[in-house]
Visitor: 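I have a structure here, written as structure tokens, and I will follow up with some questions on it.
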Amino acid sequence: MNTQVFDFFPLTVFKDEIIISEIEKNKIIDFIFKSEKKSKNIQKRKGDAWLGDTRGQEYLFKNAIMKNLANLISEKIKLYTEMLSLDNNQLSFFYQRSWATITKTKERIQPHSHDQSNISFAYYLLKPKNSGDIRFISEPQNEIAKGLFNKDKLDLGLLKNVNNRNTPNIDLQIEEGDIVIFPSKTKHATIPNLTENPRISISGDV
């Protein structure tokens, strides 16, 4: 038997943990909720999360309260690029944008990508259980006919099972304190918050 299968072109997503003190964490949470209140007059679609970058709050890290966390995230970003075998001494890093998101009951963040930057991240400052994970979305490399790997084909029995070779979506489980770093061009979204408590993430483009 000479059959061989090669899985090429992986998407590599970096996940780590950043722990800050409860005092610092609560100060940042309070700051973010106050920022949300300042933009209450701006309408958003039902079911959509509050996104600071679309509410005039896209430079979060310019606030002094964010200095320590911004530095800790910088360290993780350099670990991510090292993992890709890049020489950090020959790179110049800077935050292009940084913002908070607040996702309340039954809200989510719609699929999108950040094509204007290189690296994107999401840090989960407040993450109750079942409040929604991050979803990565791509056109499956192995889709030999457009729409072949959609859920309806699974329901019809044409697609026998879902695995990494035929799925257009991968959900990454997230816990409070996690940071996720990935290429900005990667389309992503979040799963709806199924709790009565808000989820807060801090995102940015590098």
Visitor: May I ask you to check whether Phe182 and Phe136 place their ring centers less than 6.0 Å from one another?
Guide: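 Distance test on ring centres: under 6.0 Å, yes.
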
Visitor: Identify whether the distance between the nearest side-chain nitrogen and carboxylate oxygen of Lys67 and Glu24 falls below 4.0 Å.
Guide: no

Visitor: Supply the atom-to-atom distance Trp99 CH2 to Tyr59 OH, rounded to the nearest 0.5 angstrom.
Guide: 11.0 Å

Visitor: Looking only at the side chains, is there a donor atom on one of Arg199 and Thr190 sitting less than 3.5 Å from an acceptor on the other?
Guide: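 Thr190 and Arg199 do have a side-chain donor-acceptor pair below 3.5 Å.
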
Visitor: Compare all side-chain heavy atoms of Leu148 with those of Leu158 and state whether any distance is below 4.5 angstrom.
Guide: yes

Visitor: Evaluate the side-chain contact (heavy atoms from CB on, under 4.5 Å) criterion for residues Leu72 and Ile179: first the C-alpha distance (whole Å), next the side-chain angles of each, then the deciding distance (0.1 Å), finally the verdict.
Guide: CA-CA 10 Å; Leu72 293 172; Ile179 182 169; over 6 Å; no

Visitor: Evaluate Leu69 against Ile202 for side-chain contact (heavy atoms from CB on, under 4.5 Å), listing each step before the verdict.
Guide: CA-CA 10 Å; Leu69 183 57; Ile202 293 173; 3.6 Å; yes

Visitor: Classify the side-chain pair Ser113/Asp115 by whether it contains a donor and acceptor separated by less than 3.5 Å.
Guide: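 The criterion, which ignores hydrogens and geometry beyond distance, is satisfied for Asp115 and Ser113.
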
Visitor: Take Glu139 and Lys187 through the test salt bridge (Lys or Arg N to Asp or Glu O under 4.0 Å) and record every step on the way to the result.
Guide: CA-CA 10 Å; Glu139 291 293 328; Lys187 187 172 282 190; over 6 Å; no

Visitor: Determine whether the side chains of Asn161 and Asn163 contain a donor N or O and an acceptor N or O closer than 3.5 Å.
Guide: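 Looking only at side-chain atoms, Asn163 and Asn161 do form a donor-acceptor pair, the distance falling under 3.5 Å.
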
Visitor: State whether the side chain of Tyr123 and the backbone N or O of Ile18 hold a donor-acceptor pair below 3.5 Å, judged by distance alone.
Guide: yes

Visitor: Would you say Ser138's side chain and Pro140's backbone share a donor-acceptor pair under 3.5 angstrom?
Guide: no

Visitor: Within a strict 4.5 Å, meaning less than it, do heavy atoms of the Ile28 and Asn26 side chains meet?
Guide: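 No, every pair of side-chain atoms sits at 4.5 Å or beyond.
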
Visitor: Closest heavy-atom contact between Thr12 and Pro183?
Guide: O-CD, 4.2 Å

Visitor: Counting distance only, does the side-chain N/O of Ser98 pair as donor-acceptor with the main-chain N or O of Phe61 below 3.5 Å?
Guide: yes

Visitor: Please determine if Lys127 and Asp178 form a salt bridge, counting it only when a charged side-chain N lies under 4.0 Å from a carboxylate O.
Guide: no

Visitor: Are there over 12 heavy-atom neighbours, none belonging to Ile19, within less than 6.0 Å of that residue's CD1?
Guide: yes

Visitor: Tell me whether Glu82 contacts the main-chain N or O of Leu79 through its side chain, where contact means a donor paired with an acceptor under 3.5 Å.
Guide: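 No.
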
Visitor: A quick test of your reading: do over 12 heavy atoms of other residues, nucleotides or ligands sit less than 6.0 Å from CG of Asn164?
Guide: no

Visitor: Going through the checks in order, is the side-chain contact (heavy atoms from CB on, under 4.5 Å) test met by Phe93 and Ile77?
Guide: CA-CA 9 Å; Phe93 296 87; Ile77 289 167; 4.0 Å; yes

Visitor: Are Leu86 and Val206 grouped together when hydrophobic residues (ILVMFWY) are joined by side-chain heavy atoms under 4.5 angstrom apart?
Guide: yes

Visitor: For Leu91, does the CG atom have more than 12 heavy-atom neighbours from other residues, nucleotides or ligands under 6.0 Å away?
Guide: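 Above 12, so yes.
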
Visitor: Step by step, work out the salt bridge (Lys or Arg N to Asp or Glu O under 4.0 Å) result for Arg108 and Asp48.
Guide: CA-CA 5 Å; Arg108 60 171 295 186; Asp48 280 0; over 6 Å; no

Visitor: Between atom NZ of Lys160 and atom CG of Asn166, what is the distance when rounded to the nearest 0.5 Å?
Guide: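 CG of Asn166 is found 11.0 Å from NZ of Lys160.
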
Visitor: Are Ile200 and Phe121 connected in the hydrophobic side-chain network, where two residues link if heavy atoms are under 4.5 Å apart?
Guide: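 Yes, because Ile200 and Phe121 connect within a single hydrophobic cluster, where side-chain heavy atoms sit under 4.5 Å apart.
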
Visitor: Which distance, rounded to the nearest 0.5 Å, do you find between the NE2 of His188 and the CD1 of Ile170?
Guide: 16.0 Å

Visitor: Looking at Leu60, is its backbone amide N or carbonyl O close enough to the side chain of Asn63 to form a donor-acceptor pair, meaning the two atoms are under 3.5 Å apart?
Guide: yes

Visitor: side-chain contact (heavy atoms from CB on, under 4.5 Å), that's the test. Do Lys106 and Lys46 meet it? Break it down for me.
Guide: CA-CA 9 Å; Lys106 295 183 180 179; Lys46 184 178 179 181; over 6 Å; no

Visitor: Check whether any side-chain heavy atom of Glu107 sits under 4.5 Å from a side-chain heavy atom of Lys104, and report yes or no.
Guide: yes

Visitor: Would you compute the distance between atom CE of Met66 and atom CG of Asn71 and round it to the nearest 0.5 angstrom?
Guide: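 CG of Asn71 is found 11.0 Å from CE of Met66.
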
Visitor: Could you check whether any side-chain N or O of Ser184 sits under 3.5 Å from a backbone N or O of Ser120, counting only pairs where one atom can act as donor and the other as acceptor?
Guide: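 It does hold such a pair.
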
Visitor: Under 3.5 Å, is there a donor on one side chain and an acceptor on the other for Thr195 and Asn193?
Guide: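 Asn193 and Thr195 do have a side-chain donor-acceptor pair below 3.5 Å.
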
Visitor: Looking at Arg97 and Asp205, is there a salt bridge between them, counting it only when a charged N and a carboxylate O are closer than 4.0 Å?
Guide: yes

Visitor: Is the side chain of Tyr95 donor-acceptor paired with the backbone N or O of Ala70 at a distance under 3.5 Å, no angle test?
Guide: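 A pair under 3.5 Å: yes.
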
Visitor: Which heavy atom in Pro198 sits nearest to a heavy atom in Leu126, and how many Å separate them?
Guide: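 Smallest interatomic distance, heavy atoms only, reads O-CD2, 3.7 Å.
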
Visitor: State, yes or no, whether a side-chain contact exists between Phe149 and Thr167 at a heavy-atom distance under 4.5 Å.
Guide: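 With C-beta onward as the side chain, the pair stays apart.
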
Visitor: Between Asn88 and Thr81, do the side chains contain an N or O donor and an N or O acceptor separated by less than 3.5 Å?
Guide: yes

Visitor: Check whether any side-chain heavy atom of Lys78 lies under 4.5 Å from a side-chain heavy atom of Tyr80, and answer yes or no.
Guide: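 No, their side chains stay 4.5 Å or more apart.
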
Visitor: Looking at every non-hydrogen atom in both residues, tell me the closest pair between Gln173 and Lys15 and how far apart they are.
Guide: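 For Gln173 and Lys15, the tightest heavy-atom pair comes out as O-NZ, 3.0 Å.
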
Visitor: Do Ile174 and Asp133 have side chains that get closer than 4.5 Å, going by heavy atoms?
Guide: yes

Visitor: Can you measure from OG (Ser131) to CD (Glu196) and round to the nearest 0.5 angstrom?
Guide: 12.0 Å

Visitor: Take atom CD in Glu143; do more than 12 heavy atoms of anything else shown fall under 6.0 Å from it?
Guide: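 Enclosed.
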
Visitor: With a 4.5 Å cut-off on side-chain heavy atoms, are Gln110 and Arg45 touching?
Guide: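 They are in side-chain contact.
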
Visitor: Consider only side-chain N and O atoms of Ser39 and Trp50, and report whether a donor and an acceptor are under 3.5 Å apart.
Guide: yes

Visitor: Under a single-linkage definition using a 4.5 Å side-chain heavy-atom cutoff for Ile, Leu, Val, Met, Phe, Trp and Tyr, are Leu172 and Ile73 assigned to the same hydrophobic cluster?
Guide: no

Visitor: Return the CD1 to CD distance between Ile119 and Gln96, rounded to the nearest 0.5 Å.
Guide: 11.5 Å

